[in-house]
Amino acid sequence: VIKPRRQTDTSGRVRQHLHCDSCYSRRCRARVEPSASCALLPCRLLCGAVFHLCKEEEHLLLCPNVRVPCLNAQYGCPVQLPRSSRAAHLQVCPASVVCCSMEWLRWPVDDTNPNNFNAMQDNMMKERETHGEALDVAMALVDQSDLYARLKMKPLYPELMEQEEEEDIKEESREEVAVGGVQDQNPSEGCMSESHAAEETAQSVAQPPVINMEKYNLFEMMFSMERGACAVAQENLENPKQKQKPADKGRSQKGPAGQRQDKSSPRSCPPPDTSKTGLAPWQEGVLERLGQELTPQEYNMYVVHHGRMLLAFGQIEACTSREKDFVYGSLEPIPVQTLHSFKVPVSYRYKRRVHLNETAARVQTEHRSVDTSDLGAGEDDWFGDEAEETLLGYAEMAVMGHKISETKGADGLYVDFGTQTHSFRTAPFKRRTTLADVMVDRPLKLLLQLQAETVNSRNNRASCAFTFLCGHTFHRREFATHFRNVHSDIQMCLSEWFEQQCPLAYLGCTYRQRRFHPSTQKATVTYNQQLRCFNLRPDVLPSLDGKAGDGEDRLSSLPYEVLCHMASFLDSQSLSQLALVSRLMRQVCSSLLQDRGMVTLRWERTSSSHGRAKWKSKPVWEFSHLFSAVDSWNMADIPPISAHLKVCPYYQKTEQKERVALPFLTEKQQKSP
């Protein structure tokens, strides 16, 4: 009996209806049969599709009306929506976020530049509490704190580091063990094994070396096999009349001393006795014969190469007295051959500095012993500033590509040598000390330039320590507004355009005025150092601050629905700050997280029961640091900067009271009789 062939689909599920597998007509009129076909029916979700009943499960995999999770579900989006709406949802998906990658450079101040603004920066640091901080100064201070946190002292001052103690060595060994994968053992067992290893090391240092008998027996067995083979070869030499096999006729054999013997030679010439003339390490008197036949260099190489075998066979003693010490023969010096890869060109000329040093008149000098006190420097001048010298050292590495006073070959003939010593009050430093740890108790001082530069191909975050990153996270629909308002309008146009300063700022004047404000509202641009972002502070009248005369909060007394409606008009940054006011305001802002907020993954390091470190992520809902979008800026209604020069304390007038004759009048007087 031939059974009908069973049809299966790609998933392995058995199909019973042969007609339904190949039928795609919406007007199929096939007869309903249990083994051939089934009835037609429309989609239950009203997508408009018509199919056989057995294909309903497959249709749900493609139906546009089936509710499925968001494409960013693994990044924290909890939305369930129809399959046809997933593409449009990505524009408002809370998990569709972008991290700003804007970078800029900020170099240390240059004390050698006579046109720098060091005096102005010092005065602004003194007046920051009374007059407030300027935008560029506040931003430079934030960049300086980030720079201090990532500059380590060890790369520049390895000689000023503390010696690593035993505890640090044990911690490093534990980290190596953890990286190596031996983490399943208990911490107590690991400590016991480390202490046991330390005890064994101390005992091995205190006690004299002991011969390991197991290794000695192993080597003895290996050499005994070779000695046995040598004994058999010696017996064959002593009894040359033994019969040999026919298969060996016509073949040549090797003697124990390495000499080839041909059996075709006459039997009247017996083989020589090499028991006392061979050069093998196990033969007696081999060192005396080698000393006569070989050169001192070849003799030394032989002893070094076969030292273990000579010790095993008793040719040399392991421990000898001073009278019997092994003395090398007359050693011949090996000529040193230097390969010069640099060839001086024929048209090479001496440098001008070399020619001047040889021909120029020298200043008369004299030899005199001087002391530190003769230099006229006090004790405070002996120690340098950690921040200034560290920034200078890292700037040298970023610009020139090497450390200060590093040995450098100028050309094929000259090499520049330099030495640089550092003396700090806080030295020596620990192994992981950063500049922020050293400057924690020092008065705040701005050592970076106020003017930021754009990042080029030479100075990037991988090769330059003075590169800074924005790093804020925004929703995808908010990123364009952030980059245009913050980086293009404010940050890159900050100096002398968005915020104008006094022309005499290089002398120390700290006067500044902000020339622009948003066109839609009157607000002042400020910089929040805690959040590290710009924001807009509206100019609100005192009568509209939301507080009564007795200090009572009127805003919190409003109904919850009214507060939610009012909060819907705020920007993302205002919502993030409003949520920190009270629990009520936090609940109000939480109701807007689904529509206005964003969700990101925050990774945390946890340890398992076996002691292994693992990283786990959890979704975190938050508001971005984006203020209200500004489409255009208007000039502020403020007097020009020239009005400040009338009262500027650094503007000194020079009155010329003496008369000065003009050149034209002088020539005319000379020509007149």
Side-chain angles (χ1 to χ4, degrees), residues 67-104 139 142 468-492 518-521 523 525-538 563-581 585-604 617-633:
R67 299 189 68 85
V68 293
C70 175
L71 294 175
N72 294 326
Q74 57 182 348
Y75 297 107
C77 182
V79 178
Q80 295 280 342
L81 70 167
R83 183 179 283 111
S84 59
S85 304
R86 288 199 296 181
H89 168 71
L90 290 179
Q91 299 180 1
V92 295
C93 178
S96 181
V97 297
V98 179
C99 183
C100 182
S101 59
M102 179 63 184
E103 296 180 348
W104 61 89
M139 195 173 181
V142 172
F468 302 92
L469 178 68
C470 176
H472 288 291
T473 304
F474 299 92
H475 196 273
R476 190 174 296 273
R477 65 174 180 269
E478 300 175 344
F479 177 72
T481 305
H482 159 75
F483 195 90
R484 182 182 70 250
N485 292 150
V486 174
H487 297 302
S488 299
D489 296 344
I490 300 178
Q491 182 179 356
M492 293 304 165
S519 59
T520 57
Q521 58 180 340
V525 179
T526 59
Y527 187 81
N528 193 328
Q529 296 190 16
Q530 285 74 23
L531 300 179
R532 303 184 179 186
C533 62
F534 291 93
N535 52 17
L536 290 179
R537 186 178 61 190
L563 293 176
C564 293
H565 180 70
M566 295 174 60
S568 61
F569 295 95
L570 299 179
D571 53 38
S572 299
Q573 189 175 17
S574 300
L575 289 174
S576 64
Q577 300 302 306
L578 181 62
L580 304 176
V581 174
M585 296 303 171
R586 187 174 185 84
Q587 294 178 1
V588 171
C589 297
S590 299
S591 63
L592 301 174
L593 274 176
Q594 296 289 341
D595 300 333
R596 304 285 302 279
M598 60 181 182
V599 57
T600 56
L601 294 180
R602 181 169 299 175
W603 293 86
E604 295 180 354
S617 62
K618 63 177 182 180
V620 177
W621 287 85
E622 58 184 350
F623 293 100
S624 64
H625 296 157
L626 179 72
F627 55 82
S628 301
V630 180
D631 298 331
S632 60
W633 301 83

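We're numbering straight along the sequence, starting at 1.
- Annotation: side chain of Trp621 is in contact with side chain of Pro78 (closest heavy-atom distance under 4.5 Å).
- In this structure Ser96 satisfies the side chain to side chain donor-acceptor pair (under 3.5 Å) test together with Arg476, sequence neighbours excluded.
- Side-chain contact check for Pro518 versus Trp633: some heavy-atom pair is nearer than 4.5 Å.
- Atom CZ of Arg586 is separated from atom OG of Ser590 by 6.0 Å, given to the nearest 0.5 angstrom.
- Contact of the Val92 side chain with the Asp595 side chain is not registered, since no non-hydrogen atoms from C-beta on lie closer than 4.5 Å.
- With contacts defined as side-chain heavy-atom distances shorter than 4.5 Å, the pair Arg484/Asp631 qualifies.
- One N or O on the side chain of His472 and one on the backbone of Arg532 form a donor-acceptor pair closer than 3.5 Å.
- Taking each heavy atom of Val68 and Pro82 in turn, the nearest pair found is CG2-C, 4.5 Å.
- His475 places a side-chain N or O within 3.5 Å of a backbone atom of Cys93 that can act as its donor or acceptor partner.
- Of all heavy-atom pairs between His89 and Leu81, the closest is CB-CD1, 3.4 Å.
- In terms of heavy-atom proximity, Asn72 sits nearest to Ala95 at CB-CB, 3.7 Å.
- Within a 6.0 Å sphere centred on CD of Gln91, heavy atoms belonging to other residues, nucleotides or ligands number 12 at most.
- The two residues Val97 and Pro94 make their nearest non-hydrogen contact at CG1-O, 3.7 Å.
- Note that OG of Ser617 and OH of Tyr75 are 10.5 Å apart. Values are rounded to the nearest 0.5 Å.
- To the nearest 0.5 Å, atoms CZ (Phe483) and SG (Cys100) are separated by 6.5 Å.
- The residue from Ser624, Cys470, Ser572 that alone fulfils the side-chain contact (heavy atoms from CB on, under 4.5 Å) condition with His482 is Cys470.
- Contact record, Phe627 with Phe534: CD2-O, 3.4 Å, taken as the closest heavy-atom pair.
- Judged by distance alone, the side chain of Arg596 and the main-chain N or O of Ser568 form a donor-acceptor pair under 3.5 Å.
- Between Gln577 and Asn535, the closest side-chain pair of non-hydrogen atoms is not below 4.5 Å.
- Among Asn485, Val525, Asp571, the one residue that satisfies the side-chain contact (heavy atoms from CB on, under 4.5 Å) test with Leu536 is Val525.
- Rounding to the nearest 0.5 Å places CZ of Arg86 at 4.5 Å from CG of Leu71.
- Using a 4.5 Å heavy-atom cutoff, the side chains of Asp489 and Val630 are not in contact.
- Proximity of Trp104 to Met139: side-chain heavy atoms (C-beta onward) are separated by under 4.5 Å at one or more points.
- Note that SG of Cys77 is 8.0 Å distant from CD of Gln594, once rounded to the nearest 0.5 Å.
- We find the CG-CE distance between Leu469 and Met102 to be 10.0 Å, quoted to the nearest 0.5 Å.
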Test side-chain contact (heavy atoms from CB on, under 4.5 Å) applied to Phe623 and Leu593, step by step: CA-CA 8 Å; Phe623 293 100; Leu593 274 176; 3.6 Å; yes

